[in-house]
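To start, the structure under review is shown below, and the notes come after it.
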Amino acid sequence: MRKVLLTMTMLVTVAFAKAEDGHRLWLRHNLVNTAQVEAPAGSPTISIAKGELQNYYQGSHVMLRLDPTLPDNEGFVINGNDDQLVITARHDIGLLYGAYEVLRLQATDMPIKDERQEPKFKLRLLNHWDNLDGSIERGYAGESIFEWFKLDEQLIREYARANASIGINGTVLNNVNASPKMLTKPYLKEVKKIADILRPYGIRVFLSINFATPMALGHTVTADPKDAKVSRWWKNKAREIYKLIPDFGGFLVKANSEGQPGPGDYHRSHADGANMLAEALEQAAPKQGRTEGSGIVMWRCFVYGANHKGEDRVKQAVSEFKPLDGKFHKNVILQTKNGPLDFQPREPYSPVFDQVSKTPNMVELQITQEYLGQSQHLVYLAPMWKEFFQFVEPDWLAGIAGVANIGKDANWCGHHFSQANWYAFGRLAWNPSLSSEQIAKEWLEQTFSLDENFVFLMSSVMEDSRETCVNYMMPLGLHHIFKFDHHYGPEPDGFKAEYPLEWCPVYYHKADKDGIGFDRSTTGTDAVSQYREPYASMYNKVETCPENLLLWFHHVPWDYKMKDGSTLWESLQYHYNQGVIATETYHNLWHNKMRAYVDEQRWREVDERLKIQVENAREWRDVCLNYFGQFAKK
């Protein structure tokens with residue numbers, strides 16, 4: 001029955017095809033109103049689940065049941081078939097997640113079967129780097145959807161629905177480079193409005209804070225975490241927040257990094273600062289009915305700078321946090337980027353995950369493509385994240401956060417294919433064992449077309465796209481050779497004397513007449529020693545170091561023989577050229593073969609971006625090879 005209805009719906013959709021701006025994301029269900037849905041009464045969350053199924057499910061009958069004997073998590077159980085379906089969960093939100101799973105199966109033409117699911121990570125958060133003036137740091141899709149004092153409640157509701165459909169259960173509303181004004185009463189009242197909209201979708205609100213907020217607002221003369229007045233101010237502020245938002249998630253903190261204030265300004269440790277905030281939240285959070293995920297301090301490990309003069313930048317996080325391991329309060333979680341540098345197209349995993357074991361840790365991924373072509377390039381990030389999970393077990397992590405790529409552009413993400421990275425983050429946050437290929441295919445089927453030829457070809461493009469980006473930007477372990485500040489385009493000769501050297505590309509590639517690459521072996525900066533075995537020994541030797549990280553860990557002669565018999569210089573040329581050839585192939589495929597499967601507007605907009613990507617890839621190749629060639633050819 002469902003397949004017949006689906007076929008009819010597809011025919012109607014084709015018959016009345018029109019310009020499409022992509023705003024519906026992967027939630028392109030057609031209104032059918034065929035299902036009778038039985039559900040417990042009284043919960044806004046269950047009401048949403050019931051409404052979604054009544055509106056869009058093509059089967060006959062669905063029963064939503066709460067079962068207190070199920071495990072205490074946000075999971076669900078599905079039993080039955082298209083016509084007689086039962087979704088069971090311990091909590092209301094599990095029923096909503098189960099409803100979205102049923103609709104995903106329907107939209108991808110998969111059979112309904114008995115299954116049980118539960119999320120791998122209890123904390124599945126988006127981090128918005130949105131500023132109070134509406135701008136977004138590293139945002140490439142328009143202004144912030146959180147328009148303070150003029151909130152578009154319908155837009156925020158659509159945002160909540162999209163997140164709930166992929167299992168995201170928390171959101172940090174503002175930039176980690178936070179304004180102290182975020183914690184003033186007028187803004188907190190606006191935060192309450194957002195929290196009230198998000199709550200029925202199972203999404204808890206968090207805030208980034210400026211560590212010096214009480215001093216910046218003129219309420220204290222210091223921000224020293226050991227100062228009693230400072231500690232009292234934070235406790236009072238936490239009580240104020242929880243009075244407005246009883247399920248408030250907690251604080252995200254960037255401290256003593258890139259000019260942000262922190263406890264180090266007063267010769268205090270990260271633990272001193274985090275624990276002061278943790279105590280304030282712990283005391284203020286309601287004890288009655290409190291759930292896990294509330295009252296948390298997420299303290300970022302992205303620190304480098306003045307305290308580490310002369311130390312390799314990629315070593316500095318371990319240097320700061322390993323001595324403090326075990327000294328943080330139980331409601332403090334360290335939030336660590338997947339790599340030790342800064343969201344590069346390829347990095348090794350961060351050794352913080354090896355060296356910090358007594359303190360809960362969560363990984364921070366970047367959905368917005370700051371270093372991967374921003375909203376101009378088709379680069380599917382799930383393969384990068386799957387690569388990370390080859391080295392860091394999900395069981396080691398208390399949660400997962402993704403720096404959001406969402407803005408007020410009609411299609412939310414700037415590039416239509418950038419929606420896939422938002423989607424893939426949520427799916428992997430729920431189940432990191434899913435393959436990147438499976439996620440790509442189900443996203444394509446829900447977003448564009450069920451046609452097998454289309455899905456096969458474009459999922460292949462998506463799967464290859466990250467490696468292609470590495471090839472035309474920074475192959476063989478090269479890193480951070482972008483144009484200064486905005487990080488779009490190549491600048492391998494970049495050097496600005498007025499800035500720290502570790503912000504300059506020449507610091508990272510170290511090209512000279514003898515070779516290229518950063519020596520992090522035991523004879524260099526010894527960054528390899530921060531890794532567990534067998535990786536420490538593997539990375540240490542040029543002969544055993546994986547070639548895709550060779551120049552990350554070693555300064556290698558230009559005539560060094562690669563495993564395929566080519567020289568290093570020949571291999572660099574090959575990779576850069578392969579990156580360009582691949583982008584040209586993507587554009588030709590889309591331009592010549594995909595128009596029949598996609599509405600005209602989205603086809604044209606993707607086509608325009610792919611053309612830009614080809615031009616950018618050629619620029620990367622030509623600039624980098626011309627620059628490095630002046631050393632290699634000597």
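Closest of all the heavy-atom pairs between T336 and C301 is OG1-SG, 3.4 Å. A pairwise comparison of heavy atoms in R204 and S294 identifies NE-CB, 4.1 Å as the closest pair. In this structure, H480 and M474 approach most closely via the heavy-atom pair N-SD, 3.3 Å. Here the shortest heavy-atom pairing between S418 and Q369 reads OG-OE1, 3.0 Å. Across V332 and A278, no two heavy atoms sit closer than the pair CG2-CB, 3.7 Å. Heavy atoms only, all atoms of each residue included: E74 and R124 are closest at OE1-NH2, 2.5 Å.
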> How far apart are the C-alpha atoms of E370 and H487, what are their side-chain angles, what is the distance that settles it, and do they pass the side-chain hydrogen bond (donor to acceptor under 3.5 Å, both in side chains) test?
Replying inline: CA-CA 7 Å; E370 176 183 354; H487 300 153; 2.7 Å; yes
> Should Y97 and W430 be marked as a ring pair (Phe, Tyr, Trp, His ring centres under 6.0 Å) after you check the CA-CA gap, both sets of side-chain angles, and the distance that decides it?
Replying inline: CA-CA 11 Å; Y97 291 152; W430 182 273; 5.1 Å; yes
> Passes side-chain hydrogen bond (donor to acceptor under 3.5 Å, both in side chains), Y304 versus E258? Steps please.
Replying inline: CA-CA 7 Å; Y304 66 93; E258 298 184 326; 2.7 Å; yes
> Taking it one step at a time, do Q316 and E320 satisfy side-chain hydrogen bond (donor to acceptor under 3.5 Å, both in side chains)?
Replying inline: CA-CA 6 Å; Q316 294 178 25; E320 293 246 354; over 6 Å; no
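Qualifying side-chain contact (heavy atoms from CB on, under 4.5 Å) partners for N177, counting only residues two or more places apart in sequence or in other chains: E137, N175, K254, Q260. Judged as a salt bridge (charged side-chain N to carboxylate O under 4.0 Å, His left out), and not counting sequence neighbours, K229 has no contacts. Q376 meets the side-chain contact (heavy atoms from CB on, under 4.5 Å) test with Y488, R609, I612; sequence neighbours excluded. Residues passing the salt bridge (charged side-chain N to carboxylate O under 4.0 Å, His left out) test with K192 are D196, sequence neighbours excluded. For D265, there are no salt bridge (charged side-chain N to carboxylate O under 4.0 Å, His left out) partners two or more places apart in sequence or in a different chain. Here F425 pairs with nothing under the ring-ring contact (aromatic ring centres under 6.0 Å, His included) rule; sequence neighbours left out. Considering only residues two or more places apart in sequence or on other chains, S135 meets the side-chain contact (heavy atoms from CB on, under 4.5 Å) condition with N131, D133. Judged as a salt bridge (charged side-chain N to carboxylate O under 4.0 Å, His left out), and not counting sequence neighbours, the contacts of E467 are R346. Under the rule for a ring-ring contact (aromatic ring centres under 6.0 Å, His included), the partners of F482 that lie at least two apart in sequence or sit in another chain are Y371, W620. Residues satisfying the ring-ring contact (aromatic ring centres under 6.0 Å, His included) criterion with H23, sequence neighbours excluded, are W412. The side-chain contact (heavy atoms from CB on, under 4.5 Å) test applied to P394 returns K120, F121, F389, P432, not counting sequence neighbours.
Taken from CG in L610 to OH in Y586, the straight-line distance is 10.0 Å, to the nearest 0.5 Å. To the nearest 0.5 angstrom, I296 atom CD1 is 11.5 Å from L252 atom CG. The CG atom of L428 lies 6.5 Å from the CG atom of L434; values are rounded to the nearest 0.5 Å. Distance CZ/R268 to CZ/F211: 10.0 Å, rounded to 0.5 Å. Within the model, atoms CG of L25 and CH2 of W443 stand 9.5 Å from one another, a figure rounded to the nearest 0.5 Å. In this structure, the separation between CG on D247 and CD1 on I245 is 7.5 Å, given to the nearest 0.5 Å.
For F248 and Y242, the gap between ring centers is short of 6.0 Å. Under the 6.0 Å cut-off for aromatic ring centres, Y159 and H128 qualify, their centroids lying closer than that. In this structure, F391 has its ring center no closer than 6.0 Å to that of F353.
Looking at heavy atoms from C-beta onward, W233 lies out of side-chain contact with N236 at the 4.5 angstrom threshold. Inter-residue side-chain proximity for N338 and S350 is flagged as unmet; no heavy-atom pair is nearer than 4.5 Å. Y140 places a side-chain heavy atom less than 4.5 Å from the side chain of T368. The side-chain heavy atoms of F417 and V379, taken from C-beta on, include no pair separated by under 4.5 Å. At a threshold of 4.5 Å between non-hydrogen side-chain atoms, the residues Y380 and S436 count as touching. Side-chain atoms of K337 and L365, non-hydrogen and from C-beta on, never get closer than 4.5 Å to each other. Taking 4.5 Å as the limit, some side-chain heavy atom of F302 sits within range of a side-chain heavy atom of D342. Side-chain atoms of K181 and L132, non-hydrogen and from C-beta on, do get closer than 4.5 Å to each other.
Note on residues 397-410: pairs passing side-chain hydrogen bond (donor to acceptor under 3.5 Å, both in side chains), not counting sequence neighbours, are E147-K408.
Ion pair R602/E605 not flagged as a salt bridge, since none of the NZ, NE, NH1 or NH2 atoms sits closer than 4.0 Å to an Asp/Glu carboxylate oxygen. By the 4.0 Å N-to-carboxylate-O rule, K237 lies close enough to E240 to be salt-bridged with it. Looking at E442 and R427, a side-chain N of the basic residue comes within less than 4.0 Å of a carboxylate O on the acidic one, giving a salt bridge. Taking the charged nitrogens against the carboxylate oxygens, R604 and D607 have no contact shorter than 4.0 Å, which rules out a salt bridge. One finds a salt bridge joining E619 and K483 here, because a Lys/Arg side-chain nitrogen approaches an Asp/Glu carboxylate oxygen to under 4.0 Å.
The only option from Y423, F448, Y100 that meets the ring-ring contact (aromatic ring centres under 6.0 Å, His included) definition with W26 turns out to be Y423.
Within a 6.0 Å radius of NZ in K243, other residues, nucleotides and ligands contribute 12 heavy atoms or fewer.
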